[in-house]
Protein chains: 2
Amino acid sequence: MINQRETARTKYGQKIADATVGRLSRYYRTLKQLESLGVATVSSDELAKRNNVTSAQVRKDFSFFGAFGRRGLGYNVRDLKHNIAHILGLDLEWHLALVGVGNIGRALLNFRQFQEQNFYFTLLLDSDPRKIGTRFNNLEVKNLDHLAEEITKAHVDIVVISVPVEAAQKVADQLVATGIKAILNFAPTSLHVPSDVVVRNENMVIEIEHLSFALAQTERV
Amino acid sequence: MINQRETARTKYGQKIADATVGRLSRYYRTLKQLESLGVATVSSDELAKRNNVTSAQVRKDFSFFGAFGRRGLGYNVRDLKHNIAHILGLDLEWHLALVGVGNIGRALLNFRQFQEQNFYFTLLLDSDPRKIGTRFNNLEVKNLDHLAEEITKAHVDIVVISVPVEAAQKVADQLVATGIKAILNFAPTSLHVPSDVVVRNENMVIEIEHLSFALAQTERV
DNA sequence: AATTGTGAACCTCTTCACAGCT
DNA sequence: AGCTGTGAAGAGGTTCACAATT
């Protein structure tokens, strides 16, 4: 399960594919880079080449949200970047909670790209008594038993779950009960949540197994 | 770009979708858990429920590789687990190199799930003189300038790239030149590689932007 | 009675191809 | 002439539905 709520739709009512949203993020990164290089205008073909997709794909992706280009000329880099930022909600500030302050979790706290994109950790939760009360990145680790009140107090929008696999579903259930609608799940298990809650899974073992699959297939032919 | 080589095929010649490979990894995890619980038999419906897919999807996924079940009875947990392990290449040992011993990279070194699945780091590379020569998890950080010889010496199968975005493509080019066919890329950029090299992208910012997109769409309706 | 394996139908996403602007 | 925006065609992935098997 990748997206567990009804697929998002534009104001025109179209369903937006997950793949489209992912590509918008990639185009956005390209546009930031072009802007920093002082490039003023870009074509769908240029964006396509830099992202290993077709130019028709780029234009189609944009078309769900509006007409951002000028025929014959291409796209204004600055304007397009702002438009995509708005679509992706990157013009807003998002408050994150980290549940499970382990190995991966601590790396995420120090992950600059989150802050650069207006994603800020404002709450750390763990169940380990040795961790509760300690501080990471200026944030005190709170007791997981008080999840609901801490989540509410910190005005959390998005929760990153990086607890052991056995604990993940219970945490998800509690988050759903407190009204959380967006979860980034690092635990290697499918979470069962209502359809109005979005879960994205970040599963590094699955990614690397795609690679071993490809290598094994080749070698065994 | 997710999979940059020609789509993998079974011995029967079917193309295997990325999505199918990802689901096989998930079923595999479910089977390991069922086995540890002492469950001997499982139906496609049970596997489906635990992974938020349909039972037809489960059966179709298996069908590309063979007929592993018994009509009326379901699948033997142990046998199916072995079959999937073989398909995914998890019955082999894979040697990993980590290029870029930063924040995320060091977290990966301590990531138990890799070793549990026969993925072993055998080489660390970095360009930072302060890091070269230091040790992490019993491995010495080698000089990135000697990439080709170190990769060959360590018999590396899969390379994890976690260098800054500006350096990623150059590293990828060097890896391709040494004959590496599988890359797990944590740098937030699309890598350009020949079609016989598989790249999987692990991009946490993109994942979290799916969430902000979903939240922003909902709130702005 | 239960459950698999699979061709066919269905649905979704991508690419084509060209009219419409600049 | 160059490039976007988009309906239509095409490709690919998922679900249906049922014959086959235990």
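Lettering follows sequence order; numbering is per chain, from 1.
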Rounded to the nearest Å, what distance is computed from the [atom1] atom of residue [X] to the [atom2] atom of nucleotide [N]?
X: B/F62; N: C/dT4; atom1: CZ; atom2: P; result: 9 Å
X: A/I16; N: C/dC13; atom1: CD1; atom2: P; result: 10 Å
X: B/R59; N: D/dT21; atom1: CZ; atom2: P; result: 16 Å
X: B/R23; N: D/dG12; atom1: CZ; atom2: C1'; result: 12 Å
X: A/F65; N: D/dG5; atom1: CZ; atom2: P; result: 14 Å
X: A/N51; N: C/dT14; atom1: CG; atom2: P; result: 14 Å
X: B/Q57; N: C/dT4; atom1: CD; atom2: C1'; result: 15 Å
X: B/L73; N: D/dT22; atom1: CG; atom2: P; result: 9 Å

Any idea which of [options] is nearest the [X] side chain?
X: B/S63; options: C/dT6, D/dT14, D/dT6; result: C/dT6
X: A/T20; options: D/dT14, C/dT14, D/dT15; result: C/dT14
X: B/A56; options: D/dC16, C/dG5, D/dT6; result: D/dC16

Please test A/V53 against A/Y27 for side chain to side chain contact (heavy atoms under 4.5 Å, CB included), starting from the C-alpha separation and ending with a verdict.
CA-CA 11 Å; A/V53 297; A/Y27 305 148; 3.9 Å; yes

Side chains of B/D173 and B/Q169: do they bring a donor and an acceptor to under 3.5 Å?
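Yes, B/Q169 and B/D173 have a side-chain donor paired with an acceptor closer than 3.5 Å.
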
Would B/R59 and B/S55 count as having a side-chain donor-acceptor pair, cut-off 3.5 Å?
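Their side chains do contain a donor-acceptor pair, which is all the 3.5 Å distance test asks for.
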
How would you label the contact of B/A67 with the nucleic acid (heavy atoms, under 4.0 Å): base, sugar-phosphate, or nothing?
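B/A67: backbone/sugar contact only, no base atoms under 4.0 Å.
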
Would you indicate what B/F68 reaches in the nucleic acid, counting non-hydrogen atoms under 4.0 angstrom: base, sugar-phosphate, or nothing?
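If one applies the 4.0 Å heavy-atom cut-off, B/F68 turns out to touch the sugar-phosphate alone, with no base involved.
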
Under the 3.5 Å rule, do the base of D/dG13 and the side chain of B/K15 count as making a donor-acceptor pair?
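Checked by distance alone, the answer is no.
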
Checking only heavy atoms, does the side chain of B/R71 share a donor-acceptor pair with the base of C/dT3 at less than 3.5 Å?
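When only heavy-atom distances are counted, B/R71 does not reach the base of C/dT3 through any donor-acceptor pair under 3.5 Å.
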
Within the side chain of B/D157, is there an N or O that forms a donor-acceptor pair under 3.5 Å with the backbone of B/W94?
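A pair under 3.5 Å: no.
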
Heavy atom of residues 27-49 of chain A under 4.0 Å from DNA chain D: which residues?
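DNA chain D contact set from residues 27-49 of chain A: A/S43, A/S44.
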
In the structure I gave you, are the side-chain heavy atoms of A/F62 and A/S44 within less than 4.5 Å of one another anywhere?
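SC-SC contact between A/F62 and A/S44 ruled out.
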
Heavy-atom distance under 4.5 Å between the side chains of B/R29 and A/I206, does that happen here?
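Of all side-chain heavy-atom pairs linking A/I206 with B/R29, at least one is under 4.5 Å.
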
Both B/T54 and A/R70 contact DNA chain D. Which one's nearest nucleotide lies toward the 5' end?
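Closest to the 5' end, via its nearest nucleotide, is A/R70.
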
Can you list everything that forms a salt bridge (Lys or Arg N to Asp or Glu O under 4.0 Å) with A/K49? Sequence neighbours excluded, please.
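A/K49 satisfies salt bridge (Lys or Arg N to Asp or Glu O under 4.0 Å) with A/D45 only.
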
Just N and O in the side chain of A/Y75: are any of them under 4.0 Å from OP1 or OP2 of D/dG5?
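Yes.
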
